[in-house]
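The block underneath contains the structure these notes are about, expressed in structure tokens.
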Amino acid sequence: MKMKKLITMILVATMCLCLAGCGSDNGEGEIAEVKDKGVLVVGITDFEPMDYKDENGEWIGFDADMAKAFAEKLGVSVEFTEIDWDNKALELDSGSIDCVWNGMTLTDEVKSAMDCSNPYCNNSQVVIVPKDKADQYKDVESVKGLNFAVEAGSAGESEAAANGLNYTAVQNQASALMEVASGTSDAAIIDSLMAAAMVGDGTSYDNLTYTVRLNDEEYGVGFRKGSNLKDELNKFFKDAYADGSMKTTAEKYKVQAALIEQN
């Protein structure tokens, strides 16, 4: 009987050691997983000035540059993966990406589906219309008869629904702008930061402009529930704000006015 008890204790101890070894990450959780694979996989869409490609096909922008710097701090490379924005939480939960870092509005829905970083940038949703018709649209009531293009799963779609507007969901905000420019849609709802970079004199859409401001919101980065990458990013944001590198990057992409102080 004593021998059986001794064997049982040895087996239990062995199993515990094996489990500890298999799950051991020096207490670093997903930080250790990212370091082990040597790459931080970031889910994005084409969204100037946050994430977009330069003439060489390289991803640049405020978020892209900050993600590169964060990955460098972790000692890994960065990989940008274009995702279906409407499925961002599914992409994250499936493990195909490590985070969603793409001017993501911190809505209640997002915060319930992900562990999110501290907010780092202010934003709003604005209505885009042809410049020659802008005088007709000064408030929400005046745009209720228009047909809108909005990015599927975006804060813009949420605002369209909340205000009872007629809309068609498209792949991304760039597609929404193209819909208005081509006349397929009467108007679009996009982020104010993108509007400042993409719409008006000296831009690719100089015949468009933005009028009605629909809300105020904040951007954050999303991680899987329980991920300690969130806390590491919050530390990185605080340090980057303190040493001026975040402000320098914001100035480079003309988003400095929207930057939120990191305490």
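Excluded from the calculations below are hydrogen atoms, water molecules and symmetry mates; all remaining heavy atoms, backbone and side chain alike, are included. Quick note: residue numbers are just sequence positions, from 1.
For residues 180-190, the pairs satisfying side chain to side chain donor-acceptor pair (under 3.5 Å) are E179-S185, S182-T184, with sequence neighbours left out. Under the side chain to side chain donor-acceptor pair (under 3.5 Å) criterion, the residue pairs touching residues 68-87 are E58-K68, D84-N87, with sequence neighbours excluded.
By the salt bridge (Lys or Arg N to Asp or Glu O under 4.0 Å) test, D132 is found to be paired with no residue, residues two or more places apart in sequence or in another chain being considered. The side-chain hydrogen bond (donor to acceptor under 3.5 Å, both in side chains) test applied to E141 returns K144, not counting sequence neighbours. T168 is linked by a side chain to side chain contact (heavy atoms under 4.5 Å, CB included) to nothing, counting only residues two or more places apart in sequence or in another chain. The side chain to side chain contact (heavy atoms under 4.5 Å, CB included) check on S192 picks up N123, S124, V126, with sequence neighbours excluded. For K133, the side chain to side chain contact (heavy atoms under 4.5 Å, CB included) partners are P130, Q136, Y137, not counting sequence neighbours. Taking the side-chain hydrogen bond (donor to acceptor under 3.5 Å, both in side chains) definition, one finds that S175 meets it with N172, sequence neighbours left out. In this view, S204 satisfies the side-chain hydrogen bond (donor to acceptor under 3.5 Å, both in side chains) rule with no residue, not counting sequence neighbours. S227 is linked by a side-chain hydrogen bond (donor to acceptor under 3.5 Å, both in side chains) to E30, counting only residues two or more places apart in sequence or in another chain. Remark: A155 engages T105, Q125, E217 in a side chain to side chain contact (heavy atoms under 4.5 Å, CB included) (not counting sequence neighbours).
Ring orientation note: the planes of F237 and Y120 are tilted relative to one another, at an angle of 30° to 60°.
D139 and S142 form a side-chain donor-acceptor contact under 3.5 Å, judged by distance and modelled atom types alone. D63 and Y219 share no donor-acceptor pair across their side chains, judged by distance under 3.5 Å alone.
Of the charged side-chain nitrogens involved, none lies within less than 4.0 Å of a carboxylate oxygen, so that D93 and K225 do not count as a salt-bridged pair. By the 4.0 Å N-to-carboxylate-O rule, D46 lies too far from K53 to be salt-bridged with it.
Between E151 and F47, the closest side-chain pair of non-hydrogen atoms is not below 4.5 Å. With a 4.5 Å cut-off on side-chain heavy atoms, L214 and V212 count as touching. Counting heavy atoms from C-beta on, the side chains of Y253 and I60 come closer than 4.5 Å. Side-chain contact between E218 and N122 is present, with heavy atoms from C-beta onward closer than 4.5 Å. Looking at heavy atoms from C-beta onward, W59 lies out of side-chain contact with D54 at the 4.5 angstrom threshold.
The neighbour count for K247 NZ, taken as heavy atoms of other residues, nucleotides or ligands under 6.0 Å away, does not exceed 12. With a 6.0 Å radius and a threshold of 12 heavy atoms from other residues, nucleotides or ligands, D108 has its CG atom at or below the threshold.
Using a distance-only test at 3.5 Å, with no hydrogens or angles considered, a donor-acceptor pair links the side chain of T203 to the main chain of M198.
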Quick one: side chains of residues 254-263, donor-acceptor pairs under 3.5 Å with protein atoms, not counting sequence neighbours, listed by atom name and distance.
unit_1: Q262; atom_1: NE2; unit_2: P119; atom_2: O; d: 3.0
unit_1: Q262; atom_1: NE2; unit_2: I260; atom_2: O; d: 3.0

